[in-house]
Amino acid sequence: MKILTSFSVIKMSEGLRLSYTYTEIDPNTGVPINNNAQESRFIVQDELKTNSNNIMKYIQDNFLM
């Protein structure tokens with residue numbers, strides 16, 4: 001099984017990039033198979049783009065004044 005440990009959304013000239021880190025664990029033994037694995041991809045779904053932009057706007061409006 002894979003367990004998400006972190007994620008971020010990064011604005012790039014090509015669009016929004018979703019980067020995430022996870023740990024893969026053997027479901028039978030509980031032993032980590034792949035620790036701190038990282039992947040990324042561009043967000044292409046409109047709903048995810050909207051949600052990501054809303055979170056970034058919230059941060060901008062409330063924490064970066």
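Model, not experiment: these values are computed from the prediction.
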- [ ] Using a 4.5 Å cut-off on heavy atoms from C-beta on, say whether the side chain of K11 contacts that of M56.
- [x] yes

Open item on the list: Does any part of the side chain of N53, heavy atoms only, come nearer than 4.5 Å to the side chain of V9, both counted from C-beta?
Closed with: no

Task: I25 side chain near I33 side chain, heavy-atom distance below 4.5 Å - done: no

- [ ] State which residues pass side-chain contact (heavy atoms from CB on, under 4.5 Å) with S40; sequence neighbours excluded, sorted by chain then number.
- [x] R17, S19

Task: Side-chain donor/acceptor of T5 to backbone N/O of T21, under 3.5 Å - done: yes

- [ ] Mind checking the CG-CG spacing from N51 to D46? Nearest 0.5 Å is all I need.
- [x] 11.0 Å

- [ ] Please check if atom CD in E47 has more than 12 non-hydrogen atoms from other residues, nucleotides or ligands closer than 6.0 Å.
- [x] no

- [ ] Kindly write out the residues that satisfy side-chain hydrogen bond (donor to acceptor under 3.5 Å, both in side chains) with E39, not counting sequence neighbours, or none if the list is empty.
- [x] Y20, Y22, R41

Open item on the list: As an exercise, state the distance from OG1 of T50 to CD1 of I55, rounded to the nearest 0.5 Å.
Closed with: 11.0 Å

Task: Close side-chain approach of F42 and L18, heavy atoms under 4.5 Å - done: no

Task: D26 side-chain N/O to T29 backbone N/O, donor-acceptor pair under 3.5 Å - done: yes

TODO: Could you tell me whether the side chain of Q38 reaches within less than 4.5 Å of the side chain of N36, counting heavy atoms only?
DONE: yes

- [ ] Kindly write out the residues that satisfy side-chain contact (heavy atoms from CB on, under 4.5 Å) with N35, not counting sequence neighbours, or none if the list is empty.
- [x] T23

Open item on the list: Tell me whether M12 shares a hydrophobic cluster with L48, the cluster being built from Ile, Leu, Val, Met, Phe, Trp, Tyr side chains joined at under 4.5 Å.
Closed with: no

Open item on the list: Can you give me the closest heavy-atom contact between I10 and S8, atom names plus distance?
Closed with: CD1-OG, 3.8 Å

